[in-house]
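I have placed the structure first, in the form of C-alpha coordinates, so that the comments after it can refer back to it.
Position 1 is the first residue of the sequence; numbering continues from there.
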Amino acid sequence: MNTYRQSLLDGLTIGLGYLPVAVAFGITAKPLLTAFETFLMSFMVYGGASQFLALQMLSASSSAAAIIIAIFVLNSRHFVMSFKINYDLKGESLLKKLLISSYVTDESFALSANVEDERKNFINYFIIFITAYIFWVVFSVVGYMAGEIMSEEWVTASGIALYALFIALLVPAIRTHYKYLIVAVLGMILHFIFIEINFIPSGLAIILAMVLAAMFGLVLENRSDRV
(Lines give C-alpha, C1' and ligand atoms only; values in the text may rest on other atoms or scores of the structure.)
Protein backbone atom coordinates (compact mmCIF):
# COMPACT_ATOMS: atom_id res chain seq x y z
CA MET A 1 0.00 0.00 0.00
CA ASN A 2 1.19 3.51 -0.80
CA THR A 3 2.80 5.02 2.32
CA TYR A 4 0.83 8.26 1.98
CA ARG A 5 -2.44 6.36 1.73
CA GLN A 6 -1.57 4.34 4.83
CA SER A 7 -0.75 7.53 6.71
CA LEU A 8 -4.09 9.01 5.65
CA LEU A 9 -5.90 5.91 6.93
CA ASP A 10 -4.00 6.18 10.21
CA GLY A 11 -5.00 9.81 10.53
CA LEU A 12 -8.63 8.94 9.79
CA THR A 13 -8.53 6.25 12.47
CA ILE A 14 -7.37 8.75 15.08
CA GLY A 15 -9.86 11.33 13.81
CA LEU A 16 -12.79 8.94 14.13
CA GLY A 17 -11.71 8.30 17.69
CA TYR A 18 -11.72 12.05 18.33
CA LEU A 19 -15.17 12.53 16.80
CA PRO A 20 -17.40 11.79 19.83
CA VAL A 21 -15.12 13.67 22.24
CA ALA A 22 -14.91 16.68 19.92
CA VAL A 23 -18.70 16.77 19.59
CA ALA A 24 -19.03 16.51 23.38
CA PHE A 25 -16.60 19.41 23.76
CA GLY A 26 -18.59 21.56 21.34
CA ILE A 27 -21.84 20.85 23.19
CA THR A 28 -20.23 21.52 26.57
CA ALA A 29 -18.73 24.79 25.32
CA LYS A 30 -22.07 26.21 24.16
CA PRO A 31 -23.12 27.84 27.47
CA LEU A 32 -19.69 29.41 27.94
CA LEU A 33 -18.36 30.33 24.50
CA THR A 34 -19.57 31.58 21.14
CA ALA A 35 -19.30 29.37 18.08
CA PHE A 36 -16.26 31.31 16.87
CA GLU A 37 -14.57 31.09 20.27
CA THR A 38 -15.20 27.34 20.33
CA PHE A 39 -13.63 27.05 16.90
CA LEU A 40 -10.64 29.16 17.96
CA MET A 41 -10.01 27.09 21.08
CA SER A 42 -9.91 23.84 19.12
CA PHE A 43 -7.96 25.49 16.29
CA MET A 44 -5.30 27.04 18.52
CA VAL A 45 -5.15 24.83 21.64
CA TYR A 46 -5.90 21.41 20.14
CA GLY A 47 -5.89 19.54 23.43
CA GLY A 48 -8.87 17.46 24.47
CA ALA A 49 -8.34 17.22 28.23
CA SER A 50 -6.91 20.73 28.48
CA GLN A 51 -9.85 22.24 26.59
CA PHE A 52 -12.33 20.53 28.89
CA LEU A 53 -10.30 21.75 31.85
CA ALA A 54 -10.45 25.29 30.45
CA LEU A 55 -14.24 25.05 30.25
CA GLN A 56 -14.41 23.83 33.83
CA MET A 57 -12.24 26.73 34.99
CA LEU A 58 -14.24 29.22 32.94
CA SER A 59 -17.43 28.01 34.58
CA ALA A 60 -15.72 28.58 37.95
CA SER A 61 -14.80 32.16 36.89
CA SER A 62 -11.06 31.45 37.05
CA SER A 63 -8.68 34.10 35.77
CA ALA A 64 -7.06 33.88 32.34
CA ALA A 65 -3.63 33.52 33.95
CA ALA A 66 -4.79 30.57 36.07
CA ILE A 67 -6.29 28.83 33.04
CA ILE A 68 -3.10 29.30 31.00
CA ILE A 69 -0.89 27.95 33.80
CA ALA A 70 -3.15 24.96 34.43
CA ILE A 71 -3.24 24.04 30.74
CA PHE A 72 0.54 24.46 30.52
CA VAL A 73 1.05 22.06 33.43
CA LEU A 74 -1.43 19.54 32.01
CA ASN A 75 0.15 19.67 28.54
CA SER A 76 3.79 19.71 29.67
CA ARG A 77 4.04 16.03 28.68
CA HIS A 78 3.90 17.17 25.06
CA PHE A 79 7.46 18.45 25.35
CA VAL A 80 8.70 14.91 25.85
CA MET A 81 6.58 13.54 23.00
CA SER A 82 7.74 16.31 20.68
CA PHE A 83 11.40 15.58 21.46
CA LYS A 84 10.89 12.01 20.30
CA ILE A 85 9.12 13.12 17.11
CA ASN A 86 11.94 15.59 16.43
CA TYR A 87 14.44 12.77 16.80
CA ASP A 88 12.57 10.83 14.10
CA LEU A 89 12.80 13.94 11.91
CA LYS A 90 16.42 14.79 12.75
CA GLY A 91 17.18 15.25 9.07
CA GLU A 92 14.43 17.86 8.61
CA SER A 93 14.60 21.62 9.08
CA LEU A 94 13.79 23.30 12.39
CA LEU A 95 10.67 24.88 10.87
CA LYS A 96 9.27 21.49 9.89
CA LYS A 97 10.03 20.08 13.34
CA LEU A 98 8.24 22.99 15.02
CA LEU A 99 5.26 22.58 12.70
CA ILE A 100 4.89 18.86 13.42
CA SER A 101 5.38 19.40 17.16
CA SER A 102 2.35 21.70 17.18
CA TYR A 103 0.06 18.81 16.24
CA VAL A 104 1.40 16.05 18.49
CA THR A 105 -1.22 14.40 20.72
CA ASP A 106 -1.18 11.31 22.92
CA GLU A 107 -2.86 9.25 20.22
CA SER A 108 -0.75 10.45 17.29
CA PHE A 109 2.41 10.00 19.34
CA ALA A 110 1.47 6.43 20.23
CA LEU A 111 0.75 5.67 16.59
CA SER A 112 4.00 7.27 15.37
CA ALA A 113 5.97 4.96 17.67
CA ASN A 114 4.75 1.96 15.68
CA VAL A 115 4.93 3.17 12.09
CA GLU A 116 7.44 1.66 9.72
CA ASP A 117 10.82 3.35 9.37
CA GLU A 118 10.02 4.31 5.79
CA ARG A 119 7.10 6.43 7.04
CA LYS A 120 9.05 8.24 9.76
CA ASN A 121 9.40 11.41 7.74
CA PHE A 122 7.81 14.85 7.61
CA ILE A 123 5.22 14.21 4.89
CA ASN A 124 3.80 11.03 6.41
CA TYR A 125 3.74 12.47 9.92
CA PHE A 126 2.10 15.62 8.61
CA ILE A 127 -0.63 13.61 6.85
CA ILE A 128 -1.36 11.61 10.02
CA PHE A 129 -1.32 14.56 12.40
CA ILE A 130 -3.18 17.11 10.26
CA THR A 131 -5.95 14.64 9.38
CA ALA A 132 -6.65 13.98 13.06
CA TYR A 133 -6.43 17.72 13.76
CA ILE A 134 -9.03 18.54 11.11
CA PHE A 135 -11.44 16.04 12.65
CA TRP A 136 -11.03 17.61 16.07
CA VAL A 137 -11.60 21.18 14.88
CA VAL A 138 -14.49 20.41 12.54
CA PHE A 139 -16.44 18.23 14.95
CA SER A 140 -15.95 20.67 17.82
CA VAL A 141 -17.94 23.13 15.73
CA VAL A 142 -20.43 20.41 14.77
CA GLY A 143 -20.94 19.71 18.47
CA TYR A 144 -21.56 23.37 19.15
CA MET A 145 -24.13 23.52 16.36
CA ALA A 146 -25.79 20.38 17.74
CA GLY A 147 -26.01 22.16 21.07
CA GLU A 148 -27.98 24.93 19.37
CA ILE A 149 -30.86 22.55 18.67
CA MET A 150 -30.65 20.66 21.97
CA SER A 151 -32.58 21.63 25.07
CA GLU A 152 -30.77 23.43 27.87
CA GLU A 153 -31.12 20.32 30.04
CA TRP A 154 -29.29 18.18 27.49
CA VAL A 155 -26.56 20.77 27.05
CA THR A 156 -26.05 20.99 30.81
CA ALA A 157 -26.02 17.21 31.14
CA SER A 158 -23.31 16.97 28.47
CA GLY A 159 -20.93 18.51 30.99
CA ILE A 160 -20.42 14.98 32.31
CA ALA A 161 -18.18 14.47 29.25
CA LEU A 162 -15.41 16.27 31.18
CA TYR A 163 -15.44 13.68 33.95
CA ALA A 164 -15.83 10.79 31.51
CA LEU A 165 -12.79 11.99 29.56
CA PHE A 166 -10.56 12.20 32.62
CA ILE A 167 -11.72 8.78 33.82
CA ALA A 168 -10.93 7.36 30.38
CA LEU A 169 -7.43 8.84 30.61
CA LEU A 170 -6.94 7.61 34.16
CA VAL A 171 -8.12 3.99 33.94
CA PRO A 172 -5.35 2.71 31.59
CA ALA A 173 -2.72 4.29 33.83
CA ILE A 174 -4.23 2.72 36.96
CA ARG A 175 -4.07 -0.68 35.32
CA THR A 176 -0.33 -0.14 34.86
CA HIS A 177 0.40 0.75 38.50
CA TYR A 178 -1.57 1.64 41.63
CA LYS A 179 0.54 4.76 42.23
CA TYR A 180 -1.36 6.61 39.50
CA LEU A 181 -4.58 6.07 41.44
CA ILE A 182 -2.90 7.42 44.57
CA VAL A 183 -1.77 10.55 42.72
CA ALA A 184 -5.24 11.09 41.21
CA VAL A 185 -7.02 10.68 44.56
CA LEU A 186 -4.49 12.95 46.27
CA GLY A 187 -5.07 15.60 43.61
CA MET A 188 -8.83 15.45 44.18
CA ILE A 189 -8.43 15.67 47.96
CA LEU A 190 -6.03 18.61 47.74
CA HIS A 191 -8.32 20.42 45.32
CA PHE A 192 -11.27 19.93 47.66
CA ILE A 193 -9.25 21.24 50.62
CA PHE A 194 -8.01 24.27 48.69
CA ILE A 195 -11.53 25.07 47.49
CA GLU A 196 -12.76 24.98 51.08
CA ILE A 197 -10.05 27.49 52.02
CA ASN A 198 -11.91 30.57 50.86
CA PHE A 199 -8.90 32.80 50.32
CA ILE A 200 -7.48 30.54 47.57
CA PRO A 201 -9.05 31.30 44.13
CA SER A 202 -10.53 28.30 42.34
CA GLY A 203 -8.10 28.59 39.42
CA LEU A 204 -5.09 28.63 41.76
CA ALA A 205 -6.55 25.72 43.73
CA ILE A 206 -6.53 23.53 40.60
CA ILE A 207 -2.94 24.45 39.78
CA LEU A 208 -1.69 23.85 43.33
CA ALA A 209 -3.47 20.50 43.53
CA MET A 210 -2.03 19.39 40.17
CA VAL A 211 1.54 20.42 40.99
CA LEU A 212 1.60 19.00 44.52
CA ALA A 213 0.02 15.70 43.43
CA ALA A 214 2.51 15.45 40.56
CA MET A 215 5.43 16.11 42.94
CA PHE A 216 4.17 13.36 45.25
CA GLY A 217 3.95 11.07 42.22
CA LEU A 218 7.57 11.87 41.40
CA VAL A 219 8.58 10.89 44.95
CA LEU A 220 6.71 7.59 44.54
CA GLU A 221 8.43 6.99 41.21
CA ASN A 222 11.88 7.59 42.70
CA ARG A 223 11.16 5.31 45.66
CA SER A 224 9.97 2.49 43.37
CA ASP A 225 13.14 2.84 41.25
CA ARG A 226 15.31 2.32 44.34
CA VAL A 227 13.43 -0.79 45.43
Side-chain angles (χ1 to χ4, degrees), residues 8 11-79 81-82 85 95-109 111 125-152 154-166 168-169 201-207 210:
L8 178 61
L12 289 172
T13 300
I14 298 173
L16 289 172
Y18 286 168
L19 193 155
V21 183
V23 170
F25 167 74
I27 296 172
T28 308
K30 182 182 177 295
L32 300 168
L33 304 173
T34 66
F36 184 64
E37 288 169 343
T38 301
F39 163 77
L40 278 183
M41 184 178 284
S42 288
F43 182 80
M44 299 178 69
V45 177
Y46 186 39
S50 59
Q51 288 182 220
F52 277 98
L53 176 61
L55 293 181
Q56 180 69 22
M57 295 181 72
L58 282 172
S59 65
S61 301
S62 301
S63 67
I67 294 173
I68 292 171
I69 294 172
I71 291 177
F72 178 82
V73 173
L74 182 60
N75 284 349
S76 58
R77 69 190 187 282
H78 287 264
F79 286 113
M81 293 188 289
S82 295
I85 295 296
L95 181 61
K96 289 182 178 180
K97 292 177 181 178
L98 290 174
L99 178 62
I100 287 295
S101 297
S102 301
Y103 298 101
V104 176
T105 63
D106 298 311
E107 295 79 12
S108 60
F109 172 76
L111 189 146
Y125 276 176
F126 183 78
I127 292 173
I128 295 171
F129 294 3
I130 203 67
T131 302
Y133 169 73
I134 290 172
F135 264 78
W136 177 260
V137 175
V138 169
F139 283 97
S140 294
V141 177
V142 170
Y144 188 96
M145 295 171 63
E148 294 283 0
I149 60 176
M150 295 170 63
S151 66
E152 290 297 325
W154 278 99
V155 172
T156 302
S158 68
I160 197 174
L162 169 67
Y163 306 101
L165 176 62
F166 281 114
L169 292 172
S202 60
L204 181 59
I206 293 176
I207 296 170
M210 289 171 60

State the [atom1]-[atom2] distance between [X] and [Y], to the nearest 0.5 angstrom.
X: I128; Y: L111; atom1: CD1; atom2: CG; value: 5.5 Å
X: F52; Y: T28; atom1: CZ; atom2: OG1; value: 5.0 Å
X: S76; Y: I71; atom1: OG; atom2: CD1; value: 12.5 Å
X: Y133; Y: S42; atom1: OH; atom2: OG; value: 8.5 Å

Residues passing the salt bridge (Lys or Arg N to Asp or Glu O under 4.0 Å) test with K97, sequence neighbours excluded, are none

[X]: which residues meet the side chain to side chain contact (heavy atoms under 4.5 Å, CB included) condition with it, sequence neighbours left out?
X: F126; answer: L99, I100, F122, I130
X: L40; answer: F36, M44
X: S59; answer: L32, Q56

What pairs of donor and acceptor atoms, side-chain ones from residues 12-22 against any protein atom, are under 3.5 angstrom apart with sequence neighbours left out?
| residue | atom | partner | partner atom | Å |
| --- | --- | --- | --- | --- |
| T13 | OG1 | L9 | O | 2.8 |
| Y18 | OH | T105 | OG1 | 2.6 |
| Y18 | OH | E107 | OE1 | 2.9 |

Sorted by chain and residue number, the ring pair (Phe, Tyr, Trp, His ring centres under 6.0 Å) partners of Y144 (sequence neighbours excluded) come out as none

Contacts of F39 meeting ring pair (Phe, Tyr, Trp, His ring centres under 6.0 Å) (sequence neighbours excluded), chain-then-number -> F43

To check you understand the geometry: which heavy-atom pair defines the closest contact between [X] and [Y], and what is its length?
X: Y103; Y: F129; value: CB-CB, 3.8 Å
X: S50; Y: N75; value: OG-ND2, 3.3 Å
X: S140; Y: T38; value: O-CG2, 4.1 Å
X: M57; Y: A70; value: SD-CB, 3.6 Å
X: M81; Y: D106; value: CE-OD1, 3.5 Å

Verify, without hydrogens or angle tests, whether [X] (side chain) and [Y] (backbone) share a donor-acceptor contact under 3.5 angstrom.
X: E37; Y: L33; answer: no
X: Q51; Y: V45; answer: no
X: T131; Y: I127; answer: yes
X: S108; Y: V104; answer: no

Residues at least two apart in sequence or cross-chain that pass side-chain hydrogen bond (donor to acceptor under 3.5 Å, both in side chains) with S82, listed by chain then number, are none

Q: With the side chain counted from C-beta on, respond yes when M41 and F25 share a heavy-atom pair under 4.5 Å apart, and no when they do not.
A: yes

